[in-house]
Structure formats: structure tokens, C-alpha cells
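See structure below.
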Amino acid sequence: MKPILPGSTIGILGSGQLGRMLALEARRMGYKVQTFSPEKNSPTGQIADLEYIADYNNAEAAKEFAHAVDVVTLEFENIAFDVATAIETVKPIRPRPSVLHTAQHRLREKTFLSTNLFPVTPYRRITTEADLEKALSELQTPCVLKTAGFGYDGKGQAKVNSLDEALVAWRKLESDEAILEVFVNFDREISVVAARGVDGQFTPFTPVENSHRHHILDVTIAPARISESLAVKAIEITHNVMNALDCVGVLCVEFFVTHDGNLIINELAPRPHNSGHWTIDGCVTNQFEQQLRAVCGLPLGSAEMTSPCCAMVNLLGDLWQHSEPDWVQILSDPAAKLHLYGKHEARIGRKMGHITITAETMEALAVSITRIKNILGIGS
Ligand code: AMP
């Protein structure tokens, strides 16, 4: 396959912050960018050469979009499979539609992982109340009930301890298919973001550690405070997952680390991930440039860290409810970098931007994180 060279046009499905940061990298490297989504003046559209406005389910529009670009990639995985396959008849789409098909549905994803012997928490498919009763009698509680499709950031999920609680949660989901999985009493959550090229070249970033607030990523710390052998194992699993999916592009594997030091996969995202944003300021090549290189058939860049420690703090819309955060004070730390996504409305829980900080030691990093969180008024 011939590489898609600078000067060519990258088509991005989706128009949020991930597409924006990809578009910034693409423009820096001399590519043109078009974005496809129903939204006008979107975070990606503000950076792109052209914002193609259409519904995600409009396969004809998606084909027309594909004709105008050289390669199609995505910034969110919930593109309908038939739309992705329609695009594939016109231009290469990376990652390929089958990867999206697997990763956009929790049940298909868990089935793929367990049939390929990757470690996952025990789970059952739920389509009726009787299924729920049977599953609860077989699995140990507490469990987590999740919608089978189109879930993210803890949306459409509930922790349940009993059949009564599970029935309430099931009725509230208003879904005809769900997954019940055993709650993992984890020690910490980590993730591995990695890139895989058209030729199978594999380049992982160092595993990172993630903490959440209200089910939404709050802070990422790089590198994760885990043993070298666990880090190697997490990277090996990520490599095997990408190979098994034949995934070209960037993929994130989110893991639970159990108290006895085992890894359990929580979920996959076949695209750049929030827990990889720190790479923009913390690595030689960031996750967005890696995605661009991978989907264009270029050699992957170095994923080496440029400082010993790095952290990312998410900025959610909650912070804007009374006034704008105090950027001057935050940026008075010369190691702090501000990224805002150009979103017009600061809704509660909405990802508006992030801050990255680099440091020489984990102790210094912890001090910087606490300082930033204090300024933002979100505690530690
Ligand atoms: P998800 O949307 O599936 O990524 O879940 C969001 C967050 O909910 C995860 O990062 C965990 O903190 C928590 N969570 C989800 N599933 C489980 C589980 N089976 N056991 C424990 N925590 C979970």
C-alpha cells in the first residue's frame, strides 16, 4: 500500500475534542482535514478545512464525504456498521468497520475478549427479567448492569447488590439488551494506549493510571505506579488485542488491577483516548500524531516520554457554573499546559478541556496536581 502523504485529505468521522486534536496534528504535518458529523462549528470543525454536516446514519452522505478525502478515520466508535462499510466501498477506513462493530457494543466486545481468552470479569447477557434472575443466581454480587450498546463514561450503568436492585436498574435502562458483570474490587485502574500501523508495527505508550469522579476520568498519571512485570503484561495484552482485531490506528485498553496483582480488561476504545491526552506534552510523538501516521501508512513515531512524570487533569463543564476557572493562577506553574476544546456550552459533566503537567518525580507531580485541583476547587 502506498502511504498517504502530507497534502492529502484526512476524513474524520465525529467532530469532538479527539477529532480536534487529531486535526491540529494533521494540519501541523501539512494534511488537509474534513470532518463528518451533524454538528456545526464543532470542536473539530473549527480546525478542519471543511465541516460536512450530516446525520451519522446517512450512508449516502457518508459515501459522498468519503469521495472528497483520501482516507477515513474516526474519533468516536459509535458509527453504524452499515455506514462504515458503505464508506469502505469508496475509501480506506481505518480502523476497519469490523473493529468498530466489536468495540461499539459491550456484549460483542466482551464476547470477542473472552473467546480469545483475554481476561474479563464474569458476565451474562440480559434480555429479560428472567435472564437477570438466573444471572444473579450464578454470579457473585455486587454486579454492574450496563446497556449492551452505545455506553460511555459510566452512562447507562448501575451497581446492584440484589435482584430487587437489579430489576429497578433494568427497568430504568429502558433497553432490550444489557450485560450483567461482576463488580471488580480493584486496587487501581490503568490503561494502555497504543498505535498499530498498516504493516503491523506496534508502538505502545507507557501504561498510565486513571482515577475517576462520578464515573468520568478525572486524572491520569504517567507512568502508572505498577511493577515493571505488570506493565509488560498490560502492553503484551494490548498488542495481542490489536492483532486479534487487526486494528490499524490507535486503541486504548482500560484495565482493572486487582488486589492480587492481576489484570482484567474493562473495555476497549479503538481511537485516541482521554487517558492518552498527556502524550501531547509528555511524549516525543503524541497519540493523535500516531493515529495520523498509522492510518496514513507512515512509520510510527517514538512513544518515549520527554520527562520522567506527566499528569493530565480533566476540565469538566462543572467548573464553569459560577465563573471561568482562574487560568492565570493555573498557568503560573510554568510546567502547566492548558488545552481547551472550543465548546460553546459548559454543561455539567461535559469535557471542556484538560491541563497537563510534567515533573521530575512522582512526589513533585502529586504536589502540582493538588495545587491545580485546589485552584479549580475540586479537591484532591
Ligand atoms: P465504563 O463506562 O464501563 O468504562 O465504566 C466507567 C467506570 O465505572 C470504570 O472506569 C470503573 O471505574 C467503573 N466500573 C465499570 N465496570 C465496573 C466493574 N465491573 N467493576 C468495578 N467498577 C466498574
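The chain is numbered in sequence order, starting from 1. Note that ligands are numbered from 1 as they come in the structure, with each ligand's atoms numbered from 1 the same way.
In summary, Arg27 and Asp49 engage in a salt bridge, as defined by a charged side-chain N under 4.0 Å from a carboxylate O. Salt bridge Glu75/Arg20: absent, no basic N to carboxylate O contact under 4.0 Å. Electrostatic pairing of Arg106 and Glu109 does not count as a salt bridge here, judged by no charged N lying under 4.0 Å from a carboxylate O. Arg28 has a carboxylate O that lies under 4.0 Å from a charged side-chain N of Glu289, or vice versa, which qualifies the two as a salt bridge. Ion pairing of Arg96 with Glu88 is absent here, as no side-chain N (NZ or NE/NH1/NH2) approaches a carboxylate O to less than 4.0 Å.
The backbone N or O of Thr9 sits nowhere less than 3.5 Å from a side-chain atom of Gln34 that would complete a donor-acceptor pair.
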Derivation of the side-chain hydrogen bond (donor to acceptor under 3.5 Å, both in side chains) call for Glu254 and His273: CA-CA 10 Å; Glu254 290 180 46; His273 190 259; 3.2 Å; yes
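Proximity of Gln287 to Met21: side-chain heavy atoms (C-beta onward) are nowhere separated by under 4.5 Å.
Looking at ligand 1, you'll find an N or O of Arg106 within less than 3.5 Å of one of its N or O atoms. Considering backbone and side-chain atoms together, Val184 places an N or O closer than 3.5 Å to an N or O of ligand 1.
Only the side chain of Asn266 comes within 4.0 Å of ligand 1, counting heavy atoms alone; its backbone N, CA, C and O stay farther away.
Listed by atom number, the atoms of ligand 1 under 4.0 Å from Glu181 heavy atoms are 16 (N), 17 (C), 18 (C), 19 (N). Remark: ligand 1 atoms within the under-4.0 Å shell around heavy atoms of Val182 are 19 (N). Atom numbering of ligand 1 starts at 1 in the shown order; those under 4.0 Å from a heavy atom of Glu189 are 9 (C), 10 (O), 11 (C), 12 (O). Ligand-side atoms of ligand 1 in range of Lys146: 3 (O), 15 (C), 16 (N), range being under 4.0 angstrom from any heavy atom. For ligand 1, the atoms closer than 4.0 angstrom to any heavy atom of Phe183 are 19 (N), 20 (N), 21 (C), 22 (N). Close approach of ligand 1 to His215 is summarised as follows: ligand atoms under 4.0 Å from at least one heavy atom of the residue are 7 (C), 8 (O). Heavy-atom contacts of Phe186 reach the following atoms of ligand 1: 21 (C), 22 (N) (cutoff under 4.0 Å).
Residue contact check for ligand 1: Asn185 places no non-hydrogen atom closer than 4.0 Å to it.
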